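The structure appears below as structure tokens.
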Amino acid sequence: MDAQENYQENYQGPQRVFSGMQPTGALHLGNYLGALTKFVDLQNTHECLFCIVDLHAVTVFQDPKLLASQTREIAAAYLAAGVDPAKAIIYPQSQVAAHTELAWFFNCIARVGWLSRMTQFKDKAGKNSERVSVGLYAYPVLQAADILAFKATHVPVGEDQKQHLELSRDIAQKFNNDFGVPGFFPLPEPLIKGPGARIMSLRDGTKKMSKSDPSDNSRINLTDTADMIAKKFRKARTDAGMVPDNMDELADRPEVKNLVGIYAALSGLKDQQVLAQFAGQGFGVFKPALADLAVDKLRPISTRLNDYLDNPGEVDKVLADGAQKAHEISAPIMADVRKVMGFWGA
Ligand code: TYM
């Protein structure tokens, strides 16, 4: 069946939100607009778990001297953006054993062919696919385990995660079918819609904004100063034209389209309203206005982020409390999974 037509398929349990970010460097505007702003909204309406996925990070080598502080930095960014530990659970993935245990079970459910189709693996591995870690190949299976160890029903992510979410649904569905337990796992629904789901590089409008782009000018980091933000937008690639008055004219101007989309996402306006405001103006007017808007939105976050980084003890307490709560939710689910699979002692 087409899982997308019926996400919940007999699932009767509570609605729950799960998402995660890798601690592999400072967060950028794409992470913020594609995911983090949604976390902040969802915590008011749903039970939420927001993980720092350090087990995903180590699918490529991470310096052991830096991993813990990188993890703390992402937690600090969640807090600085407005995720409230009184409302949502914030924790490091490696502290909750359910992730790795369920990932193993799911390794035995997922098919090699399914993983071979994952475009993100192909992009990351490139020509080197024989030499990357087994973990990088199995990465999307761990992602499915992250979500389903909590029977999460909704997953706020950027558009680049769409295929991984489809795989999570396929795994949930196959588990339910293989063991004859319809509705045991929900088929998790991606929450991708909305402005900001796909923010592109400032240097190349056909590539997504990414932590791993070698050019720092391709992205706005949450930690950038006002001057850096202004400089990066000034240098952002555009063309010799003007801002047009309708979106159709942006079809083959991806860089301009991206900047209009960023303005819209940051201001809460629709793309068309942004165009109405700037139509006929050159980029010498539009780019500084965009930079001012971005600085207004991001400066309070970077200030709070730095405050949290000056108080690592506070962040560590949030992480430790969150790990305990996450464990308490996942433990009975994992006990049921072991029973369903028929393990000794279950
Ligand atoms: P990661 O760490 O690459 O990115 C974190 C979140 O940011 C979104 N994102 C973007 N959104 C819009 N435009 C962009 N240019 C952009 N770049 C990144 C991502 O879609 C993501 O939502 N595999 C995940 C982490 C993960 C996860 C999970 C997510 C592991 N387990 C379970 C959800 C549920 C990843 O690498 O995200």
Side-chain angles (χ1 to χ4, degrees), residues 14-57 67-100 102-103 139 142-161 164-165 168 186 188-192 194 196-197 211 222-223 301 304-305 308-309 312 314-330 333:
Q15 306 272 296
R16 195 171 274 145
V17 168
F18 182 95
S19 196
M21 294 199 185
Q22 296 196 68
T24 46
L27 294 186
H28 54 67
L29 196 57
N31 301 128
Y32 176 67
L33 293 173
L36 203 41
T37 54
K38 295 180 194 157
F39 296 4
V40 176
D41 290 341
L42 284 163
Q43 66 181 346
N44 295 316
T45 50
H46 287 74
E47 182 185 358
C48 291
L49 295 113
F50 298 126
C51 188
I52 296 105
V53 292
D54 48 3
L55 297 173
H56 280 92
L67 185 57
S69 61
Q70 287 172 184
T71 301
R72 215 178 268 125
E73 269 172 46
I74 302 299
Y78 285 3
L79 295 167
V83 180
D84 177 354
K87 294 181 183 165
I89 298 173
I90 301 174
Y91 73 101
Q93 186 184 26
S94 59
Q95 285 289 304
V96 178
H99 292 272
T100 41
L102 191 57
Y139 177 115
L142 177 60
Q143 183 158 345
D146 299 340
I147 299 164
L148 293 166
F150 303 94
K151 296 193 173 178
T153 51
H154 295 86
V155 185
V157 280
E159 206 174 276
D160 60 342
Q161 297 301 312
H164 287 169
L165 264 292
S168 297
E189 181 175 350
L191 301 175
I192 295 180
K211 284 178 211 164
L222 294 191
T223 47
I301 298 175
R304 282 196 295 270
L305 180 53
Y308 280 114
L309 294 179
E314 196 179 329
V315 178
D316 286 346
K317 184 163 178 345
V318 168
L319 289 172
D321 288 352
Q324 182 57 34
K325 288 184 192 150
H327 174 72
E328 281 161 18
I329 297 173
S330 62
I333 295 174

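Fair warning: this is a prediction, and the values are worked out from it, not measured in the lab. Positions are given from 1 along the sequence.
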Kindly indicate whether the side chain of [X], heavy atoms from C-beta on, has any atom under 4.5 Å from the side chain of [Y].
X	Y	value
I89	C48	no
L27	Y32	no
L79	P85	yes
V83	L36	yes
H99	L142	yes
H154	F18	no

Is the distance between the ring centroids of H327 and Y91 under 6.0 Å?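 So the answer is no for these two rings.
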Between [atom1] on residue [X] and [atom2] on residue [Y], distance to nearest 0.5 Å:
X	Y	atom1	atom2	answer
F39	L191	CZ	CG	10.5 Å
L42	Q15	CG	CD	11.5 Å
C51	L319	SG	CG	10.0 Å
I301	T37	CD1	OG1	9.0 Å
L305	L309	CG	CG	5.0 Å
I333	L148	CD1	CG	9.0 Å

Between [X] (side chain) and [Y] (backbone), is there a donor-acceptor pair under 3.5 Å?
X	Y	result
S330	F150	no
S19	V155	no
D41	K38	no
R304	A80	yes
D54	S94	yes
Q95	A323	no

query = Would you say the side chains of Q70 and Q22 form a donor-acceptor pair under 3.5 Å?
reply =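 No donor-acceptor contact under 3.5 Å links the two side chains.
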Q43 side chain to D84 side chain, donor-acceptor N/O pair below 3.5 angstrom: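 There is no such pair between these side chains.
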ask   = Stepwise, does the side chain to side chain contact (heavy atoms under 4.5 Å, CB included) test hold for H46 with R16?
value = CA-CA 6 Å; H46 287 74; R16 195 171 274 145; over 6 Å; no
Which atom of [X] lies closest to which atom of [Y], heavy atoms considered:
X	Y	answer
A149	L102	N-CD2, 3.4 Å
A76	Y308	CB-CB, 3.7 Å
I90	A75	CG2-CB, 4.4 Å
L165	P190	CG-CB, 3.9 Å
S168	P188	CB-CG, 4.1 Å
A326	V96	CB-CG2, 4.0 Å

Subject >> D321/K325 ion pair, N-O < 4.0 Å >> reply: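 A salt bridge is absent here (no side-chain N lies under 4.0 Å from a carboxylate O).
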F50 and V17: side chain to side chain contact (heavy atoms under 4.5 Å, CB included), yes or no, with the steps?
CA-CA 8 Å; F50 298 126; V17 168; 4.0 Å; yes
Quick one: do E73 and V315 satisfy side chain to side chain contact (heavy atoms under 4.5 Å, CB included)? Show the steps, please. CA-CA 9 Å; E73 269 172 46; V315 178; over 6 Å; no
field: Name of the residue among I52, T100, D146, T71 meeting side chain to side chain contact (heavy atoms under 4.5 Å, CB included) with Q93
entry: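 The option that passes is D146.
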Should the pair H56 and Y139 be assigned to parallel (<30°), tilted (30 to 60°) or perpendicular (>60°) ring geometry?
->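 Because their plane-to-plane angle is over 60°, the rings of H56 and Y139 count as perpendicular.
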